[in-house]
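First up is the structure itself, then whatever we jot down about it.
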Amino acid sequence: ITVGRCTGESEFDLKQIEGFDERAPKPRCGAPMTCFFCESYGIHASEQDILRVLSVKEWISYQSQDKSKDIDEHAKKFLPIVSRIDEIVDAFSSRDDASAAIVKKARQKVTRGNLDVYWQNKIDALIEAMEA
């Protein structure tokens, strides 16, 4: 998947994590944004995977600008995903010093505008479409 790793062996391993209300997307194999809410979602302890997750958060910002009519629609469609991304990154960062260092490096890259290539291309396409 484009946002981490699926640890499930089949679609039968698909199960929504606890702690989110009905606004959170239901996990659906083949829909990468819903993976964040599945118990089978995982990431490798690597800067590349953390950079991908943080790049998705950046993409969501542009996607929301393009797709949300107002703040209420943004909150309904995109805020649960942003909250879940923050939760994943924070949980990973708090594991140990090495994990915190990985997150720090990935965040520095995002701050400098060095996103994961796949998500950067999606952002560029959105910007181009909004300017057209």
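Hydrogens, waters and symmetry mates are skipped; everything else that's a heavy atom, side chains included, is used.
- Side-chain heavy atoms closer than 4.5 Å link hydrophobic residues (I, L, V, M, F, W, Y) into clusters, and following such links, possibly through other members, connects V110 to I127.
- When all heavy atoms of L126 and W59 are compared, the closest pair comes out as CD1-NE1, 3.5 Å.
- Cluster annotation: L79 and M33 are assigned to distinct hydrophobic clusters (Ile/Leu/Val/Met/Phe/Trp/Tyr, side-chain heavy-atom contacts under 4.5 Å, transitive).
- Checking side-chain atoms of S55 against main-chain N and O of L51 turns up a donor-acceptor pair under 3.5 Å.
- Y118 and V56 fall within a single hydrophobic cluster, where Ile, Leu, Val, Met, Phe, Trp and Tyr are joined by side-chain heavy atoms under 4.5 Å apart, directly or via other members.
- Of the possible donor and acceptor atoms, one in the side chain of S94 sits under 3.5 Å from a partner among the backbone N and O of A91.
- In this structure the side chain of R84 reaches within 4.5 angstrom of the side chain of F37, judged on heavy atoms.
- Across every non-hydrogen atom of P25 and P80, the tightest pair is CD-CB, 4.5 Å.
- Rounded to the nearest 0.5 angstrom, F78 CZ and Q63 CD are separated by 5.0 Å.
- Checking side-chain atoms of T34 against main-chain N and O of R28 turns up a donor-acceptor pair under 3.5 Å.
- The environment of E9 atom CD is sparse: at most 12 non-hydrogen atoms of other residues, nucleotides or ligands sit within 6.0 angstrom.
- Between L115 and K109, every side-chain heavy-atom pair lies at or beyond the 4.5 Å cut-off.
- A heavy-atom distance below 4.5 Å is not found between the side chains of C38 and I17.
- Applying the salt bridge (Lys or Arg N to Asp or Glu O under 4.0 Å) rule to R107 yields the partners D90; only residues at least two apart in sequence or on another chain are considered.
- Residues Q120 and D116 bring no donor and acceptor atom of their side chains to less than 3.5 Å of each other.
- Within the 4.5 Å cutoff, side-chain heavy atoms of I102 are placed close to those of F92.
- Between the R5 side chain and the G42 main chain, no donor and acceptor come within less than 3.5 Å of each other.
- A search for side-chain hydrogen bond (donor to acceptor under 3.5 Å, both in side chains) contacts involving D96 returns S99, not counting sequence neighbours.
- Taking the side chain as every heavy atom from C-beta outward, L54 and I50 approach each other to under 4.5 Å.
- With rounding to the nearest 0.5 angstrom, the NZ atom of K15 is 4.5 Å from the CD atom of E39.
- A 6.0 Å sphere centred on NZ of K26 holds more than 12 heavy atoms belonging to other residues, nucleotides or ligands.
- Applying the salt bridge (Lys or Arg N to Asp or Glu O under 4.0 Å) criterion to D86, with sequence neighbours excluded, gives K57.
- Side-chain atoms of F36 and V53, non-hydrogen and from C-beta on, do get closer than 4.5 Å to each other.
- Interatomic distance, I88 CD1 to I43 CD1, rounded to the nearest 0.5 Å: 7.0 Å.
- T7 places a side-chain N or O within 3.5 Å of a backbone atom of S40 that can act as its donor or acceptor partner.
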